[in-house]
Amino acid sequence: MTGHDFHIQTTTHTVRGEDATAALAQSIAARLCVGQVLLLEGDLGAGKTTFARALIRALSGDDRLEVPSPTFTLVQTYDTPRGPVWHFDLYRIKTPDEVWELGWEEALSGAITIVEWPGNLGPILETMVPPQGWTLHFAADPHRPDIRIITIPDIPLNEGTA
């Protein structure tokens, strides 16, 4: 949790399968604009990348858009009708300072930014994520492998800097 969202009310969604995850991502995409940051927290296999893909497809208006995981490239960028989207996967960074080389400042100042593994930002998380940063928590249900539990903040409609 960042210092920016401790007072935000949350809603927990229990979703079954990729279609339900995509529907939730679409509803969130409708609320986003340039300047907002989504921090996706959760263990491996919790559904973060599936959610991010669906969110990017919704923002692009193209449900067939190729959305590769940035696990190895660390960042992927997209031009969408809603503005640029930067998708970071920080699982493999060795130090928080590596994000500067990936275009971190540019993403925060002029894009919708999606960050998987935000905890790897270390102190940068507290000092460089704008107030428009929202933390979403993902968890797999240990008893039902097709179920994901996603806790999201109540994101106001279009409160970014655009």
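One is the number of the first residue; the rest follow in order along the sequence.
When Thr12, Leu136, Thr11, Thr135 are each tested for a side-chain contact (heavy atoms from CB on, under 4.5 Å) with Thr151, only one passes: Thr12.
The side-chain heavy atoms of Trp104 and Leu102, taken from C-beta on, include no pair separated by under 4.5 Å. Here the side chains of Val99 and Leu90 are in contact, with some heavy-atom distance below 4.5 Å. A heavy-atom distance below 4.5 Å is found between the side chains of Ser69 and Asp89. Residues Leu32 and Leu55 are in side-chain contact: their nearest non-hydrogen atoms beyond the backbone lie under 4.5 Å apart. Looking at Ile56 and Ile114, their side chains come closer than 4.5 Å, going by heavy atoms from C-beta outward. At a threshold of 4.5 Å between non-hydrogen side-chain atoms, the residues Phe51 and Leu40 count as touching. Thr14 is listed as a side-chain neighbour of Ile147, based on a closest heavy-atom distance under 4.5 Å. Side-chain contact between Glu116 and Thr49 is present, with at least one heavy-atom pair separated by less than 4.5 Å.
The closest side-chain donor-acceptor pair between Gln76 and Thr73 falls under 3.5 angstrom. Looking only at atom types and distance, the side chain of Gln36 has no donor-acceptor partner in the side chain of Thr113 under 3.5 Å away.
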Going through the distances and angles, do Phe88 and Trp117 end up as a ring pair (Phe, Tyr, Trp, His ring centres under 6.0 Å)? CA-CA 8 Å; Phe88 292 87; Trp117 301 100; over 10 Å; no
What do the steps show when you test Leu24 against Ile150 for side chain to side chain contact (heavy atoms under 4.5 Å, CB included), and what is the final call? CA-CA 9 Å; Leu24 180 60; Ile150 305 171; 3.9 Å; yes
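Taking both residues in full, the closest heavy atoms of Val34 and Arg82 are given as CG2-O, 3.7 Å, listed atom of the first, atom of the second, then distance. Smallest separation of non-hydrogen atoms from Gly42 and Lys48: O-NZ, 2.9 Å. Nearest approach of Ser27 to Arg31, heavy atoms of both residues: O-CG, 3.9 Å. Contact detail for Ala58 and Ala29: the closest heavy-atom pair is CB-CB, 3.7 Å. Nearest heavy atoms, Pro96 versus Pro123: CG-CD, 4.4 Å. Across His87 and Pro70, no two heavy atoms sit closer than the pair CE1-CD, 3.4 Å.
Cluster annotation: Leu39 is connected to Leu44 through the hydrophobic network of ILVMFWY side chains, with a link wherever side-chain heavy atoms come within less than 4.5 Å. In this structure, Leu74 is a member of the same hydrophobic cluster as Leu108, with clusters built from ILVMFWY side-chain heavy atoms closer than 4.5 Å. Cluster membership for Leu38 and Ile149, using ILVMFWY side-chain heavy atoms within less than 4.5 angstrom, is not shared.
The backbone N or O of Gly103 lies less than 3.5 Å from no partner atom in the side chain of Glu106, so there is not a single donor-acceptor pair. Between the side chain of Asp141 and the main chain of Arg144, a donor-acceptor pair closer than 3.5 Å is present. Proximity of a side-chain donor or acceptor of Thr50 to a complementary backbone N or O of Gly47 within less than 3.5 Å is not detected. Here the side chain of Arg148 pairs no donor or acceptor atom with the backbone of Ala140 at under 3.5 angstrom.
The salt bridge (charged side-chain N to carboxylate O under 4.0 Å, His left out) pairs that include a residue from residues 57-78 number zero, where partners must be two or more places apart or lie in different chains. Pairs passing the ring-ring contact (aromatic ring centres under 6.0 Å, His included) check and including a residue from residues 24-48, sequence neighbours excluded, do not occur.
Taking the six-membered ring for Trp and the full ring otherwise, Tyr78 and Trp86 have centroids separated by 6.0 Å or more.
Scanning for side chain to side chain donor-acceptor pair (under 3.5 Å) contacts around Thr80 gives an empty result, with sequence neighbours left out.
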